[in-house]
Amino acid sequence: MNVLLIGSGGREHALALAIAKSPLLRALFIAPGNPGTEALGRNVAVDVANHAAVVDFCRLMKIDLVVVGPEAPLVAGLVDDLDKTGIAAFGPCKAAAQLEGSKGFTKDLCREFHIPTGAYERFSDAAAAKQYVRAKGAPIVVKADGLAAGKGVIVAMTLAEAEAALDMIFGGAFGAAGAEVVVEEFLEGEEASFFALCDGERALAFASAQDHKRVGEGDTGPNTGGMGAYSPAPIMTEAMNARVMREIIEPTMAGMKARGTPFKGVLFAGLMIGRDGPKLIEFNARFGDPETQVMLPRLDEDLLPLLDAAAKCRLPAGPVKLKNETALTVVYAARGYPDAPERGTEIRGIDRAAVLPGVTITHAGTKREGGRLLANGGRVLNVTAMAPAVREAQARAYAAVDAIDWPGGFCRRDIGWRAVKG
Ligand code: AMP
Ligand code: GLY
């Protein structure tokens with residue numbers, strides 16, 4: 001098969017590593033890719049926002065499957081435009097990507113199809129939202145409806161914070177993404193992520209993971225795209241996975257189909273596991289970053305036929321074969337991330353780190369310049385290690401971090417604390 005992979009992050013490097021291993025692969029192209037994906041296929045400068053250019057490239061290169069990494073092209077309808085020309089794509093069409101693109105859309109789907117989630121209301125003006133917030137009391141959660149680069153959720157511990165969040169969002173802080181707001185019940189419990197491959201009809205449980213969203217140790221400081229992850233999440237036992245499939249994933253698939261917008265691709269459920277079971281916090285319509293970096297190394301079968309089957313509505317009955325090992329990723333970020341990451345600092349020693357036992361290094365915001373590897377983004381490298389148990393995976397990952405010479409970078413030193421403690 002000829003495959004075009006879209007994206008440039010650590011997630012896409014991890015996807016490229018898995019796809020490149022497939023005996024079914026003939027050629028892999030990555031648009032735009034990064035210095036890590038260069039070794040696995042051909043990085044190409046196709047403008048992903050120009051759907052006609054993507055279609056032309058696919059025709060020229062006889063692409064059999066397009067795999068879309070990030071959410072923006074999904075929400076922009078890239079898969080719809082590929083579908084129209086008969087090019088198979090892994091990822092949902094625009095209407096189904098609303099599961100990530102609009103929090104209100106997802107909450108209404110939950111209400112209609114009895115999917116467990118926090119109580120909520122949708123608002124399009126601040127006065128009515130504030131009245132609701134005062135009636136409900138704090139803590140309470142205020143969310144911009146649309147995509148806001150992970151910054152559109154405010155967990156307000158006081159009424160004053162909730163009202164300030166509403167003023168900020170309705171004041172235009174997130175542009176059109178904040179024209180509508182969801183105000184939601186504060187949920188207590190432990191967060192976990194669960195991923196299912198979907199082909200429009202059926203869903204196949206894939207794997208669980210836990211992310212570390214805050215920039216600082218002990219889960220402090222501002223939210224980020226994710227500072228590290230591990231898989232599996234110990235709280236996601238076989239029984240809990242089955243319950244999430246039955247109570248959340250399958251009703252979502254049925255609901256999306258009933259609405260005429262079947263979901264295909266990967267459904268990423270952000271969950272709160274509380275006393276009365278799992279509740280949906282949010283859906284994403286794509287693989288997670290850095291969750292992908294910890295899930296794919298555990299896969300004990302070929303990824304490519306699974307992605308292809310999801311795109312072509314013929315997923316096998318399952319289950320997906322996973323190694324009974326834990327993978328843990330530490331995100332190595334540029335100093336100043338997430339507010340103002342410093343660019344251009346030099347990274348040395350990656351090759352030395354990559355040969356340590358169980359270790360894989362994936363690139364995100366890097367660039368090569370005159371034989372040197374430089375930081376070129378916020379999250380720059382992902383240092384992943386596999387081991388039979390999480391404690392050992394953690395030790396291996398940090399040994400690899402320490403083998404990298406990058407004074408311009410920093411990482412959290414406590415990735416995996418929840419699992420190690422348990
Ligand atoms: P989201 O972007 O919806 O994943 O939200 C970002 C983070 O806010 C989540 O990972 C949770 O830590 C927190 N959060 C979102 N919704 C709730 C909720 N209803 N109750 C408690 N925490 C929440
Ligand atoms: N790591 C969270 C995400 O990919 O959205």
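In what follows, residues are counted from 1 in the order of the sequence shown. Order of appearance sets the numbers: ligands from 1, and atoms from 1 within every ligand. No hydrogens, no waters, no symmetry mates; every other heavy atom, side chains included, goes into these values.
- Figure legend: cation-pi geometry between Arg259 and Phe113 absent, as NZ or CZ is not positioned both under 6.0 Å from the six-membered ring centre and within 45° of its axis.
- With ligand atoms numbered from 1 in the order given, ligand 2 contributes 1 (N), 2 (C) to contacts under 4.0 Å with heavy atoms of Asp211.
- Checked against a 3.5 angstrom limit, the closest N/O atoms of Gly225 and ligand 2 fall inside it.
- The protein heavy-atom contact nearest to atom 19 (N) of ligand 1 is Glu184 OE2, 2.5 Å.
- Close to ligand 1: Lys103, with a non-hydrogen atom less than 4.0 angstrom away.
- On a distance-only criterion, Leu187 and ligand 1 share at least one N/O pair closer than 3.5 Å.
- Atoms of ligand 2 found under 4.0 Å from any heavy atom of Arg286, numbered from 1 in the order shown, are 3 (C), 4 (O), 5 (O).
- Counting non-hydrogen atoms of other residues, nucleotides and ligands closer than 6.0 Å to CZ of Arg111 gives a total above 12.
- Residue Pro290 places a heavy atom less than 4.0 Å from ligand 2.
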(request) Could you please spell out the steps behind the ring pair (Phe, Tyr, Trp, His ring centres under 6.0 Å) verdict for Phe123 and Tyr132? (result) CA-CA 9 Å; Phe123 297 96; Tyr132 179 79; 5.3 Å; yes
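- Counting heavy atoms from C-beta on, the side chains of Arg202 and Leu197 never come closer than 4.5 Å.
- Residue Gly288 approaches ligand 2 through these ligand atoms, each under 4.0 Å from one of its heavy atoms: 4 (O).
- Between Asn223 and ligand 1, a contact under 3.5 Å exists for no N or O pair.
- Gln210 pairs in a side-chain hydrogen bond (donor to acceptor under 3.5 Å, both in side chains) with only one of the listed residues (Glu291, Glu191, Arg418, Glu190), which is Glu190.
- Contact of the Thr326 side chain with the Arg391 side chain is not registered, since no non-hydrogen atoms from C-beta on lie closer than 4.5 Å.
- For atom 3 (O) of ligand 1, the closest non-hydrogen atom of the protein is Glu282 OE1, 3.3 Å.
- Within ligand 2, the atoms closer than 4.0 Å to a non-hydrogen atom of Glu291 are 1 (N), 2 (C), 4 (O), numbered from 1 in the order shown.
- At a heavy-atom distance under 4.0 Å, no atom of Lys213 approaches ligand 2.
- Cation-pi geometry between Arg298 and Phe206 is not met: the NZ or CZ atom fails to fall both under 6.0 Å from the ring centre and inside 45° of the normal.
- Heavy atoms of Phe268 found under 4.0 angstrom from ligand 2 belong exclusively to the side chain.
- Contact of the Thr106 side chain with the Leu280 side chain is registered, since non-hydrogen atoms from C-beta on lie closer than 4.5 Å.
- Distance from atom 8 (O) of ligand 1 to its nearest protein heavy atom, with residue and atom name: Val153 CG1, 3.6 Å.
- The heavy atom nearest to atom 22 (N) of ligand 1, out of those in Glu100, Met272, Glu191, Arg214, is found in Met272.
- Heavy-atom proximity to Ile281, at under 4.0 Å, picks out these atoms of ligand 1: 3 (O), 15 (C), 16 (N).
- Remark: the backbone N or O of Gly228 is not paired with any side-chain donor or acceptor of Thr329 at under 3.5 angstrom.
- Distances below 4.0 Å separate heavy atoms of Val141 from the following atoms of ligand 1: 16 (N), 17 (C), 18 (C), 19 (N), 20 (N).
- No salt bridge links Arg412 with Glu217; every basic N to acidic carboxylate O contact stays at or beyond 4.0 Å.
- In this structure, Phe287 and Phe90 have parallel ring planes: the angle between them is below the 30° cut-off, well short of the 60° mark.
- Among all protein heavy atoms, the one lying closest to atom 16 (N) of ligand 1 is Lys143 NZ, 3.0 Å.
- Electrostatic pairing of Arg368 and Glu38 counts as a salt bridge here, judged by a charged N lying under 4.0 Å from a carboxylate O.
- Of the heavy atoms in Lys213, only side-chain atoms (C-beta onward) come closer than 4.0 Å to ligand 1.
- The side chain of Val155, and not its backbone, has at least one atom closer than 4.0 Å to an atom of ligand 1 (non-hydrogen atoms only; side chain from C-beta on).
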